[in-house]
Amino acid sequence: MKGRRRAIAVLTALGACMLALAGCSGQTAEEPIRTSTIVLAADGSFTQCRVEDFDREDYQLEELDGMIRQEVRDYLGGASEEGGPVAVEQVSHLEENRAQVMVALHFADSEVYEDYRALVDKQPCELFYGTVGEALSAGYDLAAVLQDVKKGTAVTPEQLEKIGDSMVVIFEEALQIRCPSKVQYIGGNVRITDSGYADGTEGEGLKYVVIK
């Protein structure tokens, strides 16, 4: 068997991710996920969603499923996925393209995600998902990068004080974000798509999305 990367090309979503959900703009996002996406939950957890080309000469789907689940078990030290910090939600072909596979992993929080990406995927990355207040305490300078989604104006220190309990996701990977509520502020390298996703697939550096 060749490397895992040849088997899957970008993680996409579990069954729920394929359904129509409220997008970040508040409108219904009816399109299935076709690119790397993180589906946020209001409690600080999220599902990592990737989709990649699937080379059947190297893997059968059952083998890939078993490999992913074994990686998660190894990361958990043999503990059960149920109620754990990482869980496999789905491993399957894309309905519209059998040459691609979808894998969905649920993470309890962003710290677990960073740890898993570094230890298991060997791809260290930065991702923060918490309140604006927690992000400021962690050293992120949100006032320097955030702008109002509707007005396009820069966020003020007074506005930051008022939105301390709002949730913010900060990431560096080429991803789109599906949010549980409307977006208030974004970084200049993020755009809101027609389907309601916060798209950070083209921007460079850290990307910021603040939701209500």
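In this chain, residues are counted from 1 in sequence order. Side chains are part of it too, since the values below use all heavy atoms of this structure and drop only hydrogens, waters and symmetry mates.
Between L160 and L146, the closest side-chain pair of non-hydrogen atoms falls below 4.5 Å. Side-chain contact between V145 and Y140 is absent, with no heavy atoms from C-beta onward closer than 4.5 Å. Y116 has its side chain out of reach of Q48: every pair of non-hydrogen atoms, C-beta onward, lies at least 4.5 Å apart. Within the 4.5 Å cutoff, the side chain of I170 has heavy atoms near those of the L142 side chain.
Summarising the geometry of A41 relative to P180, their closest heavy-atom pair is C-CG, 4.1 Å, with the distance given to 0.1 Å. In terms of heavy atoms, S45 sits closest to H106 at OG-NE2, 3.3 Å. The two residues Q90 and S92 have their closest heavy-atom pair at NE2-OG, 2.7 Å. Nearest heavy atoms, L206 versus E126: CD2-OE1, 3.7 Å.
A donor-acceptor contact under 3.5 angstrom links the side chains of S166 and Q184, judged on distance only.
Open room surrounds CD on E202; 12 or fewer heavy atoms of other groups in view lie less than 6.0 Å from it. Around the CG atom of D165, the shell of radius 6.0 Å holds no more than 12 heavy atoms that belong to other residues, nucleotides or ligands. More than 12 heavy atoms of other residues, nucleotides or ligands lie within 6.0 Å of CD in E172, so this atom counts as buried by the packing criterion.
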Quiz item: What do the steps show when you test Y129 against Y113 for side-chain contact (heavy atoms from CB on, under 4.5 Å), and what is the final call?
Solution: CA-CA 10 Å; Y129 182 40; Y113 178 81; over 6 Å; no

Exercise. Could you check R73 against Q70 for side-chain contact (heavy atoms from CB on, under 4.5 Å), going step by step and ending with a plain yes or no?
Key: CA-CA 5 Å; R73 284 194 295 270; Q70 185 60 57; 2.9 Å; yes

Practice problem: Run the numbers on V209 and F171 for side-chain contact (heavy atoms from CB on, under 4.5 Å), then give the verdict. | Solution: CA-CA 9 Å; V209 178; F171 59 103; 4.2 Å; yes

Practice problem: Mind running side-chain contact (heavy atoms from CB on, under 4.5 Å) on L127 and F46 for me, showing each step along the way? | Solution: CA-CA 12 Å; L127 188 145; F46 55 88; 3.9 Å; yes

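Among R117, K207, Q123, the one residue that satisfies the side-chain hydrogen bond (donor to acceptor under 3.5 Å, both in side chains) test with E173 is R117.
At a threshold of 4.5 Å between side-chain heavy atoms, the hydrophobic network of Ile, Leu, Val, Met, Phe, Trp and Tyr places L105 and V112 in one connected group. The hydrophobic cluster containing M167 also contains V149, counting ILVMFWY residues as joined when their side-chain heavy atoms lie under 4.5 angstrom apart, directly or transitively. Hydrophobic clustering (ILVMFWY, side-chain heavy atoms < 4.5 Å, transitive): V132 and Y208 are in one cluster. V168 and I186 fall into different hydrophobic clusters, where Ile, Leu, Val, Met, Phe, Trp and Tyr are joined by side-chain heavy atoms under 4.5 Å apart, directly or via other members. V169 and I192 fall within a single hydrophobic cluster, where Ile, Leu, Val, Met, Phe, Trp and Tyr side chains are chained together by heavy-atom contacts under 4.5 Å.
For S181 (side chain) and K212 (main-chain N/O), a donor-acceptor pair under 3.5 Å exists by modelled atom type. Using a distance-only test at 3.5 Å, with no hydrogens or angles considered, no donor-acceptor pair links the side chain of D109 to the main chain of G44. Here the side chain of S80 pairs a donor or acceptor atom with the backbone of E82 at under 3.5 angstrom.
Residues passing the side chain to side chain contact (heavy atoms under 4.5 Å, CB included) test with L76 are V72, A79, E81, P85, sequence neighbours excluded. Residues meeting the side chain to side chain contact (heavy atoms under 4.5 Å, CB included) test with T153, sequence neighbours left out: D148, K151.
Here the straight-line distance linking atom CD of E89 with atom CD1 of I68 works out to 13.5 Å at 0.5 Å rounding. The line from CZ of R69 to CG of L64 is 10.5 Å long, rounded to the nearest 0.5 Å. Within the model, atoms OG1 of T35 and CD of Q176 stand 6.0 Å from one another, a figure rounded to the nearest 0.5 Å.
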